[in-house]
Amino acid sequence: MSNQISSDQDVDWALQEIMSGKMNLQNISFYNSHSASSSYQETENSISINISTKGNSIQEFCQILTTLLAQESSCTPTNLAFYCISWEMKALQCFTSLLDNNSSIKHVEFQKNIFIAQGMFELSDMLGRNKRIRSIIFSECQIESIGASLLASALMKNDTLEELQIWEDSIGSDGAEELSRMIEVNSTLKLLLILDRHFITATPLISAVLARNRSMEVHVWTRDATDKNLKIVEFTPETSMLRIYKLNTSGSQRIACALGLNTTVKTLDMTGIKLKSNWAKEFRQVLEQNRSLKEVKLSRSSLRDKAVVYIAAGLFKNKSLEKLALDGNRFSGVGVEHLLCPLSRFSASQNQANTTLKSVTFGGGKTRIGRGGVIAILRMLDTNQTIIQLSINDDTSMKAEDVVRIFKSLEKNPTLRFLSLRGCKGVNGELVLQTIMGTLQVNPWIEEIDLTGTPLQIAGKTDVIYDKLGKNGSFVPENELLADMPLTTPKCCRVFFCGQDFAGKSTLCSSINHNFSSTKLPYMDQIRTLVNPIEQIARTAEVKIKIINDGDTIISIWNLAGQHENFALHDIMFPSHGSPSLFFIISSLFRRPANREPKNQEEIEDDLSYWLRFIVSNSRRAISQSMPPHITIVLTHSDEVSHPSEDLQPIINLIQKLKDMFEGFVELYPMVFMVDARSSASVSKLTHHLRKTSMTILQRVPQVYQICNDMIKILSTWRSENYNKPAMKWNEFCELCQLKLPSLRIRSRWDDMEKIEKKRQAVASTLHHVGEVIFFQELGYLILDCSWFFGKVLGQLTKLDSGNLNTTDKLGFFSWLELEKILRGSLQSQIPRIGSKVFDNLEAGDLIRMMLKLELCYEQDPGNPKTLLLIPSLLKESQGRRMPTWQPSTTECNYVGRRLECHETRQMFLPTGFFPRLQVHLHNKIFKQNERKGATYTLEKYLISIIINGIQIRVEFGGQSSYYVDVLACSNKTVTEVLRLLSQLIRPTIQSICPGTSLSEYVIRPDCVRFLIPPTFRRTQLVSLPTLKEALLSTPADGMYDYQHPWSSIYNGNRLLLHSGFDYARNLLADDDFREVLGRRYNDLHHLAAELTVSFEHSKEPQTLAGNDGEQTIEPSLLGIAKGVELVLQRLKSIEQEIKDLKQEIQGMRYYEHCLLVELNKKVDYLVNYNIQLEERKVPNMFYFVQVENYSRRLVTRIISGMKALRLHMLCEYRREMHVVEEQVGCELLQVDNEAVKCLLPYMSKFMKLLTFALKIGAHFVAGMGEMIPDLGREVAHLIDSSLVYGSAAMAAGAIGAAAIGQIGVRRKNAYAGRRYSRNPGQEIGDAQQWLLDFLKGQGISTGKDIADRFGLWRVRYLDNGDIAWICQRHKETRRKEITEVPI
């Protein structure tokens, strides 16, 4: 009693304190006392009351309880404790009445109390109806199983009690079962604590908690023989951990059954519990059903092989467990094999069964891993991709060589982070230490290795290991990590053997290979007799690749199969830009080896021309060619030619013709090899040429990464070790990089992984580029055996016949599963030694995905696992089909057609594989856009039919070796809308398939589209789109809107298919194209005005504008012209803002054009009459030079010394109506000398500039000059910079010239304006006129009659102002009332 605050008082004191309410009373403790009753204050808010066992103790006890009930408002204790109380019914009734009516009491404790049988019933009834008590404790109260049953029945009704503790009361198994039933009903109990002398009481309690997923903290204790408390079961919801310390066999099984559907336990710890196979059998169901269990500890549980087999079986279906500890058990290597089986893969096609388990622990002195267990560990480390932590503790069965093998396997494992070999006796010796260090050198992902208690650690040799682990976890210096990979000359060269079937490609390849070989065995020519019959029967039906090692150079000969069904695959194999490769075109001099019938010259030309065009067409696909393809022509079967000199001379002439035709497109070797492919001697020179040319090519192509040459050797070794794997997964490639190539190795966990990954991808892409592998980056595969892939896989596509297969419909669709079956069956039956294992790391579905990536087929419904596949190259041409028609429409339709044609049709064509790829690519492009889900898409052999956005489209291919694609469209939408869809969808898609090929666009006659005239008859119904625009551009503004393009008639023999006719240009072009033409005309007009303004805005000479008064003087300047057109420019801006359609735009342009030309002619008149006293205008002033080229005249805009064969012409100078004089003879200028250049350049840079541009924009005013004006876009830049070139070019440049001026004109404007008129304008014009006088005198032209004969011009005087001009015969007659002739 040393801690009490007050001394002992009688019970009345306690009653007074309770009634007064002055003390904040929280705790009241009742004790039985053999002396007199007493009370005392234990703490500030607690009192203790001793009830005497003598006298009227029961009345005192009841009085106190009654007082507590009566003083409920002033006395609110929360905790009541009863010690050694022997309860009678009267006191118990007062107590239950107190609890029923007092709301403050929350905690009640009974310690060593005695309850009569009726008293427990009374107490349980109270507890069943009470809604206030939160905690109740029974300690050594001897309630036994009956009391536990009564409490259980009460708690089934009570939903407020949160804590129940029963200490050292033997409730027994019956009482525990009753409490378990209560737990199944009661969901509010939060804490259950039981201390019982029988440990079996824990089983039903914890089982109920687990089965009903109660969030109830459970602690069950027992006493051992030494009277020491031992915990049996512990479950804490906060940590979701269930710890079982002691349990019998039946109890373990019952708990296992309860865990099946449990969601509250995440960690199960049964360490030290003896478990048998029957428990493991039940636990297997737990692993299969439970979705919340994360960690299981079964250490030292006496588990044997059978039990581990059950656990392993559960792991196959488990999707939640992350940690499993089985150390200290008694299983052997058999158990290890089964345990690791769901964590391993036994073939590349098999998926890892369990992917959630991250940590596995086993081992121990009684575990015998053995040889089988070690093999299972190695397999798991080689194939597992999820295990992060592996612990093998205290093992004595593994030897040092087993540990070495484990660490060797870790070299390729990128996922394991923690490895524990604690206490393993096999971790011993220098070899183990070196192996561990070597593994850490190539595997930086291992973060921790625990070698505590191993012989290696005991010997003090593990420090270097932990040092290396620390370095692997540190940052790598930035400069070392980002060091660039060095470049070097590539070591691989591809030689493509191109040729038709029966050309002897395979035989020639064998002969060349023999010449490269170092064998000393004679290659007897007697083999010819064996080759001959085989050559007649067997042909290379698929692509073959022969690898030849020539020192450190690898030459691969790609024998392209000559059968036509293989042509669709040739495009895919074609080398990319800069890839080291050369081509041998091999052609036989005979049609068939059997009959020895020689080919004629046309057949040989067709053969060679096809392959030359094929090579040119595909080489242009590259964005830029560092070098043209190198080609060598080889003619085989030369030994059968009877008279070589006579028979071969036409062929030599033919080849020379082909050389001239393809000059600039290919690099054709000048010598043609004529060989007998079966003779080693005959092929020796060709072999030497192949070797030397390969070396030359390797030196000329772009360099590759040095590391690529190293990787080629590594891959060669890998192929030999994995002969059954023609493909490699990306992670396998990364493993090779990590193991074999330090520069591509991840050296620390803090390395820049993204950068290293890009380096590895760059190496793989380079290997793909040089033809060593085929790299599918998105799919994560590298094809190492290209011959297998092209020949056996893709070659199967060419052999499929949709008519003989169970296709889903007549359109030739295959199901995914059906195509997988075809590929799998064909590969397994045809590949020797590989057939049964080819799919170890490559599924048939992967091959189909590669075909999708190469755009050899497409999915009808992407994303649907049951989608159908279509392979366009297998489609057959329809025979005897009806004439195609457009789908009927209720409204008037517009018909639009465009042809896209190779620009160089003689040297190029669209290869056979072009159109099937277009069919796939266009389908993918359309149906990957969500807004076009309503589109329909059907295919035929050379046709794509699309209906999209209400527009019917037909894309027609001309057939094999064709050079054009026709795009036809029908719709009730406008022509502009249709052409916009074609330009945004169809044209870019076609160009993307052949990016390097220049395609010219032609307009197809609409009636040909409407009636679907066959392509054969459309050839005469085309007009080039640029030609049509130029024709429209050269048309006067008055006629632009109504310009018509004529079409000729179409005949099929004598039958008329289509009458001649015409179409308006506005119906052939989109509004954008039409406005482009108008824009170019506007640009020309703008540039004239701008040139006039800019050129003379800084001129300081006085300027005057002539009015109607002819006597007014005119300064030799063009500023007046600029001012004269200023109002016209303002008018143009107004028009541009107000136009609403093409007609309005054309009207505005007509007005602007007319005003500008009238004003220009008016001002030129003044310049023409400048310095009228000079020789009294004895010769015309307006002259120009023309050069005749290919029967067409070109206006000369650049005068340089040494020019020859020019003709001088003169214009009719009638005011405001200047024009070219038709059929003018002119004078020939044999050669331009320096004096002529000096005199004429200023004239051309000023006067001729105006003239040329005037002619450009007003060709309908100045008849005959428009077609002479060249495209001067490139010359404009020179003109801006220097006045000494292209005087008349600037303003004739049009829209292209505007672009050139816009780029450089701003920065050169000031300098140009400052120096342009450094000389006196009068002097410049005078110099030109004086040169003209001297030149004409030299030509014998001195009189007016001479000028009239040569130039068709007569000297006249205007009657109104007296000015002199030289005019043509037409003006002289029509204007005779306004002029008078002034002959010389």
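Note that the numbering runs from 1 along the sequence shown for the chain.
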Where is the tightest heavy-atom contact between Ser609 and Phe662, given as atom of each residue plus distance?
O-CZ, 4.4 Å
Would you call Asp1360 and Glu1378 a side-chain contact if the rule is heavy atoms closer than 4.5 Å?
no
Going by ring-ring contact (aromatic ring centres under 6.0 Å, His included), name the residues that satisfy it together with His1371, two or more places apart in sequence or in a different chain.
Tyr1214, His1219
Under 4.5 Å between any side-chain heavy atoms of Lys1337 and Ile1341, yes or no?
no
Is a salt bridge present between Arg700 and Glu667, judged by a nitrogen-to-oxygen distance below 4.0 Å?
yes
Donor-acceptor pair, side chain of Lys1372 and main chain of Trp1354, under 3.5 angstrom:
no
Candidate pair Glu1381 and Arg1355, rule salt bridge (Lys or Arg N to Asp or Glu O under 4.0 Å), full reasoning
CA-CA 6 Å; Glu1381 186 172 356; Arg1355 187 169 178 262; over 6 Å; no
Close side-chain approach of Ile631 to Ile615, heavy-atom, < 4.5 Å:
yes
State, yes or no, whether a side-chain contact exists between Leu900 and Tyr963 at a heavy-atom distance under 4.5 Å.
no
With rounding to the nearest 0.5 Å, note down the distance linking CD in Glu1213 to CG in Asp1363.
11.0 Å
Rounded at 0.5 Å granularity, tell me how far CG in Leu1025 sits from OH in Tyr1002.
10.5 Å
If you measure from CZ on Phe665 to CD on Gln907, what distance do you get to the nearest 0.5 Å?
4.0 Å
Is the shortest heavy-atom distance from the side chain of Met1203 to the side chain of Gln1231 under 4.5 Å?
no
So how far is it from Phe1335 CZ to Leu1208 CG, rounded to the nearest 0.5 Å?
5.5 Å
Backbone of Val1186 reached by a side-chain donor or acceptor of Arg1207 within 3.5 Å
no
All side chain to side chain donor-acceptor pair (under 3.5 Å) counterparts of Glu663, not counting sequence neighbours
none
With rounding to the nearest 0.5 angstrom, report the CG to CG distance, Leu612 to Leu658.
6.0 Å
Is a side-chain N or O of Arg613 found less than 3.5 angstrom from the main chain of Met908, in a donor-acceptor match?
yes
For the side chain of Gln1224 and the backbone of Met1210, is there at least one donor-acceptor N/O pair under 3.5 Å apart?
yes
Test Val1237 against Val1232 for side chain to side chain contact (heavy atoms under 4.5 Å, CB included), laying out the working first.
CA-CA 7 Å; Val1237 172; Val1232 178; 3.6 Å; yes
With a 4.5 Å limit on heavy-atom distance, are the side chains of Phe1185 and Leu1229 in contact?
yes
May I have the step-by-step check of side chain to side chain contact (heavy atoms under 4.5 Å, CB included) for Val1382 and Val1356, ending in yes or no?
CA-CA 5 Å; Val1382 186; Val1356 299; 5.7 Å; no
Work out which heavy atom in Gly1352 is nearest to a heavy atom in Val1221; give both atom names and the distance.
O-CG1, 4.3 Å
Side chain to side chain, Ser617 and Thr997, heavy atoms closer than 4.5 Å:
no
May I ask you to check whether over 12 heavy atoms, not counting those of Met671, lie within 6.0 Å of atom CE?
no
What's the shortest heavy-atom distance between Phe1351 and Gly1226, and which atoms?
CE2-CA, 3.7 Å
Just verifying a value: how many Å separate Glu1373 CD and Cys1368 SG, rounded to the nearest 0.5 Å?
9.0 Å
Heavy-atom pair with the smallest gap, counting every atom of Leu1353 and Cys1212
CD2-CA, 3.8 Å
Run the side chain to side chain contact (heavy atoms under 4.5 Å, CB included) check on Arg1350 and Cys1227 step by step: do they pass?
CA-CA 7 Å; Arg1350 289 290 188 97; Cys1227 292; 3.0 Å; yes
So, Asp1346 side chain and Ser1342 main chain: donor-acceptor pair closer than 3.5 Å or not?
yes
Given Ser1000, which of Glu904, Arg899, His903 fulfils the side-chain hydrogen bond (donor to acceptor under 3.5 Å, both in side chains) condition?
His903
Would you find a donor on one side and an acceptor on the other, under 3.5 Å apart, between the side chain of Arg1375 and the backbone of Tyr1358?
no
Quick one, Leu1359 with Ile1379, criterion side chain to side chain contact (heavy atoms under 4.5 Å, CB included). Give me CA distance, side-chain angles, the key distance, then yes/no.
CA-CA 5 Å; Leu1359 296 177; Ile1379 60 174; 5.5 Å; no
Minimum side-chain heavy-atom gap Leu1069-Leu1028 below 4.5 Å
yes
